[in-house]
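Here is the structure we will look at, set down as structure tokens.
Please read these numbers as outputs of a predicted model, since none were measured by experiment. Reckoned from all heavy atoms, side chains included, excluding hydrogens, waters and symmetry mates.
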Amino acid sequence: MKCKINRNAAKELKKMLEKEGDTEKLFRVYVTHMHGDHAHYDLMLDTPSENDEVVQTDKGIDIILEKGQEYLDGVWIQFFYVPEPEWVITNPSTEGHDHHQHHH
């Protein structure tokens with residue numbers, strides 16, 4: 001399975017991990033709800049189970065994805081500082097048309 005994150009997201013996630021101080025935990029991307037042909041995602045700290053795959057990103061952050069969950073494969077985690085700090089998690093591979101889901 002694949003997962004991409006941008007540089008800002010990696011920086012924020014590292015900060016959150018350091019604050020947490022719990023080295024056993026990784027970030028999990030999960031589907032909060034399905035909306036027609038696309039999903040809404042969120043992040044949480046979690047420990048992987050045997051139903052999960054730990055995916056290494058190119059930014060040195062490992063992400064937990066639930067195995068066999070097509071909406072999680074290829075997910076893209078982005079963090080933006082402007083115009084306001086926000087997470088944008090999308091999956092370009094499952095969304096036929098290009099649009100951004102913003103949530104805070």
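A side-chain donor-acceptor contact under 3.5 Å links D73 to the backbone of K2. Under a 3.5 Å cut-off, the side chain of N8 and the backbone N or O of F79 do form a donor-acceptor pair.
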- Query: Going through the checks in order, is the side-chain contact (heavy atoms from CB on, under 4.5 Å) test met by V29 and L65?
  - Reply: CA-CA 6 Å; V29 175; L65 298 177; 4.0 Å; yes
- Task: Show your reasoning for whether side-chain contact (heavy atoms from CB on, under 4.5 Å) applies to V55 and D62.
- Result: CA-CA 6 Å; V55 179; D62 292 351; over 6 Å; no
- Starting from the C-alpha separation in whole Å, work towards a yes-or-no answer on side-chain contact (heavy atoms from CB on, under 4.5 Å) for W76 and N91. CA-CA 6 Å; W76 192 16; N91 191 335; over 6 Å; no
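Taking CE from M16 and CD1 from I61, the interatomic distance works out to 10.0 Å, rounded to the nearest 0.5 Å. One finds the NZ atom of K59 at 11.5 Å from the CG atom of L13 (value rounded to the nearest 0.5 Å). One finds the CG atom of D42 at 10.0 Å from the CH2 atom of W87 (value rounded to the nearest 0.5 Å). We find the OG1-NE2 distance between T90 and H40 to be 11.5 Å, quoted to the nearest 0.5 Å. For the atom pair T32 OG1 and I89 CD1, the distance stands at 8.5 Å (nearest 0.5 Å). Here I77 contributes atom CD1 and Y41 contributes atom OH; the two are 10.5 Å apart, rounded to the nearest 0.5 Å.
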Sequence neighbours left out, cut at 3.5 Å: what donor-acceptor pairs do the side chains of residues 43-52 make with other protein atoms?
| residue | atom | partner | partner atom | Å |
| --- | --- | --- | --- | --- |
| D46 | OD2 | R28 | NE | 2.6 |
| D46 | OD2 | R28 | NH2 | 3.1 |
| S49 | OG | N51 | N | 3.2 |
| S49 | OG | D52 | OD2 | 3.2 |
| D52 | OD1 | R28 | NH1 | 3.1 |
| D52 | OD2 | R28 | NH2 | 2.7 |
| D52 | OD2 | S49 | N | 2.8 |

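E12 and Y81 share a donor-acceptor pair across their side chains, judged by distance under 3.5 Å alone.
Cluster annotation: I64 and I5 are assigned to distinct hydrophobic clusters (Ile/Leu/Val/Met/Phe/Trp/Tyr, side-chain heavy-atom contacts under 4.5 Å, transitive). M1 is connected to V75 through a chain of hydrophobic side-chain contacts under 4.5 Å among Ile, Leu, Val, Met, Phe, Trp and Tyr, so both are in one cluster.
Considering all non-hydrogen atoms of both residues, G74 and S93 come closest at CA-OG, 4.2 Å.
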